[in-house]
Number of protein chains: 2
Amino acid sequence: MAELVFDANDCAACPIRHRAVCARCEPDELERLEEIKYYRHFESGQHIVWGGDQMDFVASVVSGIATLSQAMEDGRTQMVGLLLPSDFLGRPGRKEAAYDVTAVSDVTLCCFRRKPFEQLIETTPHVAQRLLEMTLDELDAAREWMLILGRKTAREKIASLMAIIARREAALRMSKAANGARFELPLTREAMADYLGLTIETVSRQISALKRDNVIALEGKRKVLVPDFNRLLAETGDDADGGLLI
Amino acid sequence: MAELVFDANDCAACPIRHRAVCARCEPDELERLEEIKYYRHFESGQHIVWGGDQMDFVASVVSGIATLSQAMEDGRTQMVGLLLPSDFLGRPGRKEAAYDVTAVSDVTLCCFRRKPFEQLIETTPHVAQRLLEMTLDELDAAREWMLILGRKTAREKIASLMAIIARREAALRMSKAANGARFELPLTREAMADYLGLTIETVSRQISALKRDNVIALEGKRKVLVPDFNRLLAETGDDADGGLLI
DNA sequence: CGCCCGATTGACAGTTGTCAAGGAGCGTGG
DNA sequence: CCACGCTCCTTGACAACTGTCAATCGGGCG
């Protein structure tokens with residue numbers, strides 16, 4: 001599926017070209033990026049980096065999904081970031097990874113060697129500007145997430161997560177999806193629990209409850225059908241229009 | 001206290017000059033900033049902006065403390081940001097405030113008209129670079145905060161907040177504070193509850209519990225004494241060294 | 001076929017929220 | 001100067017939600 005990217009190796013043909021950190025680059029800037037880039041592939045479940053590890057690259061997610069998470073000594077884990085295609089991984093100026101990064105599906109990264117990338121940021125404005133924009137978006141997303149973690153009930157948390165994923169799917173396909181929606185959960189129950197600050201049992205119970213109340217329907221464990229999207233939004237606890245970013 | 005700033009009106013004499021968004025500016029860039037800046041003062045408890053409001057400025061906090069928060073329809077409120085002196089308020093490219101901003105002490109802002117500030121970001125690199133750095137720091141802080149909200153117990157939450165505040169105080173005074181620490185809580189119990197995703201009753205009970213266990217001592221309601229800082233850190237649930245940013 | 005992993009469900013316990021009463025500090029006004 | 005009212009905080013009793021522990025289910029794969 002992502003093999004095309006490897007073959008092409010050409011930014012112009014890149015599927016995330018218009019959304020990634022390189023989105024605003026001029027042709028000469030792209031050339032400089034091409035010089036320092038290389039692709040890496042990770043299989044589902046594989047750890048990409050561990051928090052505290054040396055990290056001598058930054059990267060764009062080309063395909064697949066990865067998570068950022070923090071663990072406490074006793075094993076409690078909180079996901080703090082969900083990386084989708086076009087999202088940026090790593091921080092210029094930081095040598096060690098701050099979080100654990102895990103592939104939750106097969107993942108292809110477009111990596112840039114850190115040092116040259118940092119120089120590039122200093123000297124060309126378009127990468128830095130785009131990175132600022134993306135970081136501000138991530139910060140907004142983190143703040144929505146904080147509301148979910150701090151103040152929502154388990155049921156509202158699950159509904160919120162479903163709504164977020166449904167919106168992203170819709171955004172990717174550029175389809176408004178009429179009224180209903182149908183999407184695939186990219187996360188296991190455990191990943192959902194780590195995302196929402198719950199246990200897997202509570203996640204499972206609340207999904208069953210939403211199913212029982214006909215807010216959602218399931219096909220298998222992963223495919224979700226939402227007959228009335230507004231009904232789902234009402235369950236998130238957000239106001240009518242919903243301000244969920246991302 | 002902040003009156004000096006108003007009198008001077010001179011960036012060179014500004015107390016946050018070296019940490020704010022203007023930290024890396026060259027003299028000519030500072031001049032351009034001076035042209036579009038103006039000071040505003042808010043009293044403790046006053047709302048600075050409401051989420052959704054038109055906002056035609058961005059700003060640096062010169063003195064005092066302000067909070068960013070989101071409210072749900074039914075009144076549940078989650079704080080999503082705590083603005084201290086030198087922190088940045090607002091987002092270039094955004095017309096409407098995304099969050100409620102409230103002064104929790106008397107606050108002085110150094111405001112920049114939004115449009116000219118956005119132009120400045122496009123044309124001069126140093127403001128944008130510094131803003132990127134600050135935004136990345138905020139994102140890290142938000143992610144630490146997410147771990148607190150999602151996975152820590154009420155007791156750990158309170159201990160974490162105390163540790164964060166104590167560290168900030170120490171950073172401001174550039175003092176290492178030997179082993180013990182002594183600081184003033186800048187937040188009401190309600191603000192602490194909104195910060196931590198708790199109720200004021202739980203906040204109050206856990207503070208009492210930490211007091212009873214001699215982890216902290218109180219002078220009045222706001223002044224906190226920490227006889228053994230490592231003991232407090234142990235209560236946060238973080239590993240030995242603790243990775244708390246900010 | 002049997003194993004394994006992820007998911008579901010049940011019973012119960014524990015933490016935190018809710019509701020309610022009362023205390024402490026502080027400014028105002030008699 | 002004291003009383004009053006106000007706000008913020010504390011504490012108690014109880015309820016509710018979510019976590020814990022355990023058993024079971026179901027699909028995929030060797």
Side-chain angles (χ1 to χ4, degrees), chain A residues 43-46 67 72 74-78 102 104-105 148-162 184-213 216-224 235 237, chain B residues 43-46 67 72 74-78 102 104-105 148-162 184-213 216-224 235 237:
Chain A
E43 281 171 28
S44 178
Q46 216 178 336
T67 62
M72 295 172 68
D74 60 8
R76 282 176 284 174
T77 300
Q78 176 64 50
T102 311
V104 294
S105 71
I148 293 175
L149 288 173
R151 291 302 187 194
K152 291 196 178 179
T153 64
R155 185 180 174 101
E156 288 168 341
K157 284 178 174 181
I158 296 289
S160 297
L161 178 56
M162 300 260 178
E184 186 157 342
L185 289 173
L187 303 176
T188 63
R189 298 290 186 268
E190 184 177 12
M192 293 170 70
D194 287 344
Y195 188 111
L196 298 170
L198 298 170
T199 60
I200 56 172
E201 292 93 334
T202 300
V203 168
S204 195
R205 271 189 261 271
Q206 294 301 333
I207 289 179
S208 297
L210 288 174
K211 199 167 56 179
R212 188 168 356 114
D213 299 343
I216 60 173
L218 292 189
E219 295 174 2
K221 308 276 185 201
R222 295 292 195 92
K223 285 220 170 76
V224 180
E235 295 284 356
Chain B
E43 282 171 28
S44 177
Q46 215 178 336
T67 62
M72 296 173 67
D74 59 10
R76 282 176 284 175
T77 299
Q78 175 64 51
T102 312
V104 295
S105 71
I148 293 175
L149 289 172
R151 291 302 187 193
K152 291 195 177 179
T153 65
R155 184 181 175 99
E156 289 169 339
K157 284 179 175 181
I158 296 291
S160 298
L161 178 56
M162 300 261 178
E184 186 158 343
L185 290 172
L187 303 175
T188 63
R189 297 290 186 271
E190 185 177 11
M192 293 168 70
D194 286 345
Y195 187 112
L196 298 171
L198 298 170
T199 59
I200 55 173
E201 292 94 334
T202 300
V203 169
S204 194
R205 272 189 261 270
Q206 295 300 334
I207 289 180
S208 298
L210 288 174
K211 198 166 56 181
R212 190 172 46 235
D213 299 341
I216 60 172
L218 291 189
E219 295 176 2
K221 309 279 185 202
R222 294 294 194 92
K223 284 218 171 77
V224 180
E235 295 285 356

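Atom set for the values below is all heavy atoms of this structure, side chains included, hydrogens, waters and symmetry mates excluded. Lettering follows sequence order; numbering is per chain, from 1.
Note: CG (B/D74) to P (C/dT18) measures 10 Å, nearest angstrom. Atom CD1 of A/I158 and atom P of C/dT8 are 10 Å apart (whole Å). C/dA7 atom P lies 12 Å from atom CG of A/D194, rounded to whole Å.
In this view, B/E219 and B/R182 satisfy the salt bridge (charged side-chain N to carboxylate O under 4.0 Å, His left out) rule, not counting sequence neighbours. For B/R205, there are no salt bridge (charged side-chain N to carboxylate O under 4.0 Å, His left out) partners, not counting sequence neighbours. Judged as a side-chain contact (heavy atoms from CB on, under 4.5 Å), and not counting sequence neighbours, the contacts of B/A209 are B/R155, B/Q206, B/R212. For B/R189, there are no salt bridge (charged side-chain N to carboxylate O under 4.0 Å, His left out) partners at least two apart in sequence or on another chain. In this structure, the salt bridge (charged side-chain N to carboxylate O under 4.0 Å, His left out) partners of B/E156, at least two apart in sequence or on a different chain, are A/R76.
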- Sequence-aligned protein contact record of nucleotides 6-22 of chain D, with B where the base is within under 4.0 Å of a protein heavy atom and S where only the sugar-phosphate is: ---SBBBB----SSBB-
